[in-house]
Amino acid sequence: EGVDNFHYRENGCGVIFAYEENYYYVLTAAHVVDEKEKGNKTFYIVPYGSPTWQEANKKSKQETGKYLPSETFYNQFEKAEVDYVSESCDIAIIRFKSDEQFKCLEIANNEVHYGDKLVAFGSSALSGSDISYGKVVSKVYKTFDSHDGRNPDKVLFHNAYIVEGASGGAVLNEDFDIAGITIGGGTDLIG
C-alpha cells in the first residue's frame, strides 16, 4: 500500500511506416501491445541502435560510480499510444510524437514469394539490435498458431534468424520496403 511498483520489460519491436499531423505511426504485432493483461502500460519508443538498459547501466556505473535506475533510462524516450489493434490477426498500430526526424519505410506494393530474399530486424534485451538475412521458404501461406488465445494467422515462413523480443519487427524485401512483420518463430533441427 502506498508504494508505486514499476516493471520495465522490452516487449517487442515495430517499424515506422507513416508520419502525419506530428505523429509517427508504427506497425507492430498485436501481442506486443496486448491490453488483455491487467494494469496500466506505458510504451516507450527506443530507437533502433540505442544502447540497451544493461549497456547504459554499465556505462553509468563506470562514469559515475552509480547504477542507472531503469525509470531514468526509459523516461528519456518518447511514449507511444495504441492507435489500432486488429481483432482478426496479430497486427497493431501505435503512434508517438517526436521532435527527432525518423525515416518512414514504405509498405511493399507486391507480396513476396517463395525464394525471395528478405532482411529481418529485431531486438532483444540481451543482444541489442539484430539484423538477419534469409529467404521466403513457404510456397503458400501457412497457419501459424501462437497458442495465446488469438486467432491463428496466415503467414509466409522465412529462414532469417530472429530473436526473442523481435515480435513486430520489420521484415523487408529486396527494395527495403516493408514486406511484413515478425509475429513469432521457432527452431529448426540445429536450434
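The figures here come from the full heavy-atom set of this structure, side chains too, leaving out hydrogens, waters and symmetry mates.
- Closest heavy-atom contact between Ile45 and Ala80: CD1-CB, 3.8 Å.
- Remark: side-chain polar atoms of Trp53 are not paired, donor with acceptor, to backbone N or O of Tyr74 under 3.5 angstrom.
- Partners of Ser86 by side-chain contact (heavy atoms from CB on, under 4.5 Å), not counting sequence neighbours, listed by chain and number: Tyr84, Ser88, Cys89, Ile91.
- Heavy atoms only, all atoms of each residue included: Gly168 and Thr28 are closest at CA-OG1, 3.6 Å.
- Side-chain atoms of Thr64 come within 3.5 Å of backbone N or O of Ser60 as a donor-acceptor pair.
- If you chain together hydrophobic residues whose side chains sit under 4.5 Å apart, Val171 and Ile178 never meet in one group.
- Taking CD1 of Ile162 as the reference point, atom OG1 of Thr182 lies at 5.0 Å (rounded to 0.5 Å).
- Nearest heavy atom pair, residue Val85 against residue Ala30, reads CG1-CB, 3.8 Å.
- Between Phe17 and Val26, every side-chain heavy-atom pair lies at or beyond the 4.5 Å cut-off.
- Residues Tyr24 and Phe43 share a single hydrophobic cluster, defined by chaining ILVMFWY side chains whose heavy atoms lie under 4.5 Å apart.
- Considering only residues two or more places apart in sequence or on other chains, Tyr67 meets the side-chain hydrogen bond (donor to acceptor under 3.5 Å, both in side chains) condition with none of them.
- More than 12 heavy atoms of other shown residues, nucleotides or ligands fall within 6.0 angstrom of atom CD in Gln76.
- Residues Cys104 and Ala18 come closest through the heavy atom pair SG-C, 3.6 Å.
- Annotation: side chain of Thr72 is not in contact with side chain of Asn75 (no heavy-atom distance under 4.5 Å).
- In this structure, Tyr25 and Asp83 approach most closely via the heavy-atom pair CE2-OD2, 3.8 Å.
- The side-chain hydrogen bond (donor to acceptor under 3.5 Å, both in side chains) test applied to Ser167 returns His31, not counting sequence neighbours.
- Using modelled atom types, one side-chain atom of Asn173 and one backbone atom of Asp175 make a donor-acceptor pair closer than 3.5 Å.
- In this structure, the side chains of Tyr44 and Glu78 stay at 4.5 Å or more apart for every pair of heavy atoms.
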Listed pairs under 3.5 Å, donor-acceptor, residues 93-103 side chains, sequence neighbours left out:
residue, atom, partner, partner atom, Å
Arg95, NE, Glu81, OE2, 3.0
Arg95, NH2, Glu81, OE2, 2.8
Ser98, OG, Glu100, N, 3.0

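- Neither Val136 nor Tyr161 shares a network with the other; the hydrophobic side chains, linked directly or stepwise wherever heavy atoms of I, L, V, M, F, W or Y lie under 4.5 Å apart, form separate groups for each.
- Classified by interplanar angle (parallel below 30°, tilted 30° to 60°, perpendicular above 60°), the ring pair Phe73/Phe77 is perpendicular.
- In this structure, Ile183 and Phe144 have side chains that are in contact, with non-hydrogen atoms separated by less than 4.5 Å.
- Take Lys154 and apply the side-chain hydrogen bond (donor to acceptor under 3.5 Å, both in side chains) test, not counting sequence neighbours, and it matches Thr143.
- Taking CG of Asn159 as the reference point, atom OH of Tyr133 lies at 14.0 Å (rounded to 0.5 Å).
- Heavy-atom minimum distance, Ala92 versus Val33: CB-CG2, 3.7 Å.
- Within the 4.5 Å cutoff, no side-chain heavy atoms of Leu172 are placed close to those of Asp177.
- Taking OG1 from Thr52 and NZ from Lys58, the interatomic distance works out to 10.0 Å, rounded to the nearest 0.5 Å.
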Check: residues 105-121 side-chain donor-acceptor pairs under 3.5 Å, at least two apart:
residue, atom, partner, partner atom, Å
Glu111, OE1, Tyr141, OH, 2.8
Asp116, OD2, His113, N, 2.8

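- Put simply, the side chain of Ser138 never gets that close to the backbone of Leu156: no donor and acceptor are under 3.5 Å apart.
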